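Shown next, in C-alpha cells, is the structure this report addresses.
All values derive from a computational prediction rather than experimental measurement.
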Amino acid sequence: MAGTGQQGRRRGQRAYIGSFTEAGGRGLTVADVDTATGALTPVFATDAVVNPSYLALSPAADVLYAVSETAEGAAVAFSLADPARPEPLGAPVPVGGAFPTHLAPAGSHLLTANYGAGSVSALPIGTDGGLESPSTVLPHRGGGPVSDRQEGPHAHAVVPDPSGRWLLAVDLGTDSVWIYALDPATGVPRPHGQTPLRPGTGPRHLALHPRGDRAYVLNELESTVTLCRWDASAGVLEPVGETRVVPEGSPGGDAAPNFPSAPVVSPDGRFLWVANRGHDTIATLALDASGDVLGLRATVDCGGHWPRDLSAHPGGHLLYAANERSGDVTWFTVEPDTGLPRRAGSIEMPAASCVVFA
C-alpha cells in the first residue's frame, strides 16, 4: 500500500493516541507534534473501534493497527493514505482470544497478545494492509503463585526481535517469556522455547536494547525490571539480574501497591525509562556500554495518575506518558547527560492508553 500522505513528512510529526472508549475515551485520536517543544495538537478523533488500547504502525507507516480490548477480542487496520484522518480498512477482525492488549506486525501477519485468553494470534495482512481471520492461535499453559492474577496464562505483549527471526511473547500469568520462531516469508510464529522468570514477578512488557542483545522485562506484580541477555543466533533468552524501578520503601515494596506498565530504551542505549502506576512516576535507569543495568538513577512525577504507557519520540529527546486515570497525555523533555525527564506540557485525553509516532 503506497502511503502517499506520508511523503514529504519528517518522522515524528504526528502522534496517534489510543484510549478506552468504555471509560469515556475518544477512541483513536490524531495529533500534530511540535518536534521542538513536544506539544501535541489534536486534529481528529474517531470512536469507530471499541477500546483501541494499543496501536502499532506498519513498517512503511502507511497503515495503523489497533487492538479492540474487549471480551470478544478484535483487531482493526486503518489506512493512513490521509495520515490526519485514518480510515478503517474493513470491520474489526476477531483475534480468537479475549482482551488483546498488544500487537505487532511481522512479515505478512499481525501478531496479537491476548491477555484474557492467554494466547498469541497471527492474522494475515492483505495487500491493502487490511486484516483477515487468524491463521494461527497459540495457547499458553501454566500459572503462577499470585492467585488473583496468575490463575492461568495472560499473554500481555508480543515483541519481534530486530533480526526478524523471533517473537518474544511476555506472559504475566506464567512468569515467563515464550519464544517463537517466525517463518521468514510470512511471519507466522511456531513454538521454540520458554524462559522462566522468578515466580510471582508477573512480567508485563519487554523492551530491547538498540543493539539487539539485551532485553529488559518489566514486572507488573513486583516493582522490578529483569535484565536478560538475548542470543538471536539461537533464540535463547537468559535472565541475569533484577533492578528495582522505585526507591526502597516506595509502593510495590512495603507500602501501597505499584504496578509498572511500560519500559522504553533511549535510542542511544544509555537509559531505560519505566512508567510506574500507583507510584505515578517515570523512573530513569542508567545502562552501561554493554547494555547492562547500572541501577535506578531517579524517579519524577508522571504528570497525572496511572501512566498506562510510556513512549519515546523518534528523536529521543521527548517522552510521553499516557495517564489513563487522570485522563491526559503529558510530555517531557529529556536532559541529554542524565536522561532525566522534565515536564513540558500536557493535553486532556480521557482514558488515554498509548501513544505512537509517525
Given side-chain contact (heavy atoms from CB on, under 4.5 Å), test T224 with T243 step by step and report yes or no.
CA-CA 5 Å; T224 59; T243 302; over 6 Å; no
Chi angles and distances behind the side-chain contact (heavy atoms from CB on, under 4.5 Å) call for L80, V63:
CA-CA 5 Å; L80 296 182; V63 179; 5.8 Å; no
Verify, without hydrogens or angle tests, whether H305 (side chain) and N323 (backbone) share a donor-acceptor contact under 3.5 angstrom.
no
Check this for me, if you would: do E220 and R149 make a salt bridge, where the nitrogen-to-carboxylate-oxygen distance has to be below 4.0 angstrom?
yes
Determine, using the 4.5 Å side-chain heavy-atom cutoff (strictly less than), whether L167 and V177 are members of one ILVMFWY cluster.
no
Within the side chain of N114, is there an N or O that forms a donor-acceptor pair under 3.5 Å with the backbone of G116?
no
In terms of hydrophobic clusters joined by side-chain contacts under 4.5 Å, are L319 and L40 together?
no
Do T226 and N219 have side-chain atoms, one donor and one acceptor, less than 3.5 Å apart?
yes
If the condition is side-chain hydrogen bond (donor to acceptor under 3.5 Å, both in side chains), which residues does S266 pass it with, not counting sequence neighbours?
D268
In short, P162 meets G212 closest at the heavy-atom pair CG-CA, 4.1 Å
Test side-chain contact (heavy atoms from CB on, under 4.5 Å) applied to T201 and L172, step by step:
CA-CA 8 Å; T201 53; L172 185 150; over 6 Å; no
With a 4.5 Å heavy-atom cut-off, do P189 and L111 have their side chains touching?
yes
Charged N to carboxylate O under 4.0 angstrom, E222 versus R204?
no
Working to the nearest 0.5 angstrom, can you tell me the gap between L208 CG and L168 CG?
6.0 Å
Distance in Å, Q150 CD paired with T174 OG1, rounded so as to fall on 0.5 Å steps:
8.0 Å
Group every Ile, Leu, Val, Met, Phe, Trp and Tyr by side-chain heavy-atom contacts under 4.5 Å, then state whether F44 and V76 land in the same group.
yes
Sidechain-backbone polar pair: R270 side chain, D337 backbone, donor-acceptor under 3.5 Å
yes
Between A77 and G129 the two heavy atoms that sit nearest each other are CB-O, 3.4 Å
Which residue is it: N258, N276, D301, T299? I am looking for the one with a side chain to side chain donor-acceptor pair (under 3.5 Å) to T281.
N276
Would you indicate whether the side-chain heavy atoms of W166 and H192 approach each other to under 4.5 Å?
yes
For residues 87-106, dump all side-chain donor-acceptor pairs below 3.5 Å to protein atoms at least two apart in sequence or in another chain.
from: T101; atom 1: OG1; to: H156; atom 2: O; distance (Å): 3.0
from: H102; atom 1: ND1; to: V158; atom 2: N; distance (Å): 3.0
from: H102; atom 1: ND1; to: V158; atom 2: O; distance (Å): 3.3

Closest non-hydrogen contact found for A66 with L55 is CB-CD2, 3.5 Å
Rounded distance (nearest 0.5 Å) linking atom CG of L28 with atom OG of S19
8.0 Å
So, using side-chain contact (heavy atoms from CB on, under 4.5 Å) as the criterion, who are the partners of E132 when residues are at least two apart?
P124
Looking at side-chain heavy atoms only, is the closest gap between L318 and T35 below 4.5 Å?
no
Donor-acceptor under 3.5 Å (R244 side chain, P247 main chain)
yes
Heavy-atom closest pair, residues S68 and V49:
CB-CG1, 3.9 Å
Rounded distance [0.5 Å steps], CZ in R297 versus CG in L340:
7.0 Å
Does any part of the side chain of F271, heavy atoms only, come nearer than 4.5 Å to the side chain of V264, both counted from C-beta?
no
Residues in salt bridge (charged side-chain N to carboxylate O under 4.0 Å, His left out) contact with R165, at least two apart in sequence or another chain:
none
Please tell me whether Y16 and F357 form a close aromatic pair, meaning their ring centres lie under 6.0 Å apart.
no
Looking only at side-chain N and O atoms, does W306 offer a donor or acceptor that is under 3.5 Å from a partner on D280?
no
Shortest non-hydrogen pair, S311 vs D309, comes out as OG-OD2, 3.4 Å
Give a yes or no on whether a salt bridge exists between D292 and R214, defined as a side-chain N under 4.0 angstrom from a carboxylate O.
yes
When every non-hydrogen atom of T330 is compared with those of C302, the smallest separation belongs to CB-O, 3.7 Å
Hydrophobic cluster membership, I17 vs F20, 4.5 Å side-chain cutoff:
no
Is a donor on one side and an acceptor on the other found under 3.5 Å between the side chain of W273 and the backbone of G339?
yes
Say whether, by atom type as modelled, one donor and one acceptor occur between the side chain of D32 and the main chain of R14 under 3.5 angstrom.
no
Looking only at atom types and distance, does a side-chain atom of S176 sit under 3.5 Å from a main-chain N or O of W178, one as donor and one as acceptor?
no
With ILVMFWY side chains joined below 4.5 Å, transitively, what does L287's cluster contain besides itself?
Y216, L218, V225, L227, V240, V245, V265, L272, V274, L285, V293, L296
D288 side chain to G291 main-chain N or O, any donor-acceptor pair under 3.5 Å?
yes
Does some side-chain heavy atom of Y320 sit less than 4.5 Å from a side-chain heavy atom of V33?
yes
Find the distance between CD (E242) and CZ (R198) and round it off to the nearest 0.5 Å.
4.0 Å
If you count the non-hydrogen atoms of other residues, nucleotides and ligands that lie under 6.0 Å from CZ in R85, is the total more than 12?
no
What distance do E248 atom CD and S223 atom OG have between them, rounded to the nearest 0.5 Å?
10.5 Å
Looking only at the side chains, is there a donor atom on one of N51 and S53 sitting less than 3.5 Å from an acceptor on the other?
no
Minimum side-chain heavy-atom gap C228-V217 below 4.5 Å
yes
How are the rings of Y54 and H205 set to each other: parallel, tilted or perpendicular (split at 30° and 60°)?
perpendicular
Tell me if a side-chain donor or acceptor on T21 pairs with a main-chain N or O of G25 at a distance below 3.5 Å.
no
A side-chain contact here means heavy atoms from C-beta on lying under 4.5 Å apart; do H109 and T186 qualify?
yes
Count I, L, V, M, F, W, Y as connected when their side-chain heavy atoms are under 4.5 Å apart, and connections chain through other members. Are V50 and V67 then in the same cluster?
no
In a table with atom names and distances, give each donor-acceptor pair under 3.5 Å that connects a side chain of residues 341-351 to protein atoms at least two apart or in another chain.
from: R343; atom 1: NH2; to: S346; atom 2: OG; distance (Å): 3.1

Is a side-chain N or O of D175 found less than 3.5 angstrom from the main chain of G202, in a donor-acceptor match?
yes
Applying side-chain contact (heavy atoms from CB on, under 4.5 Å) to V188 and L182, what does each step give before you reach the verdict?
CA-CA 5 Å; V188 172; L182 295 175; over 6 Å; no
Do E238 and W230 come within less than 4.5 Å of each other through their side chains, counting heavy atoms only?
no
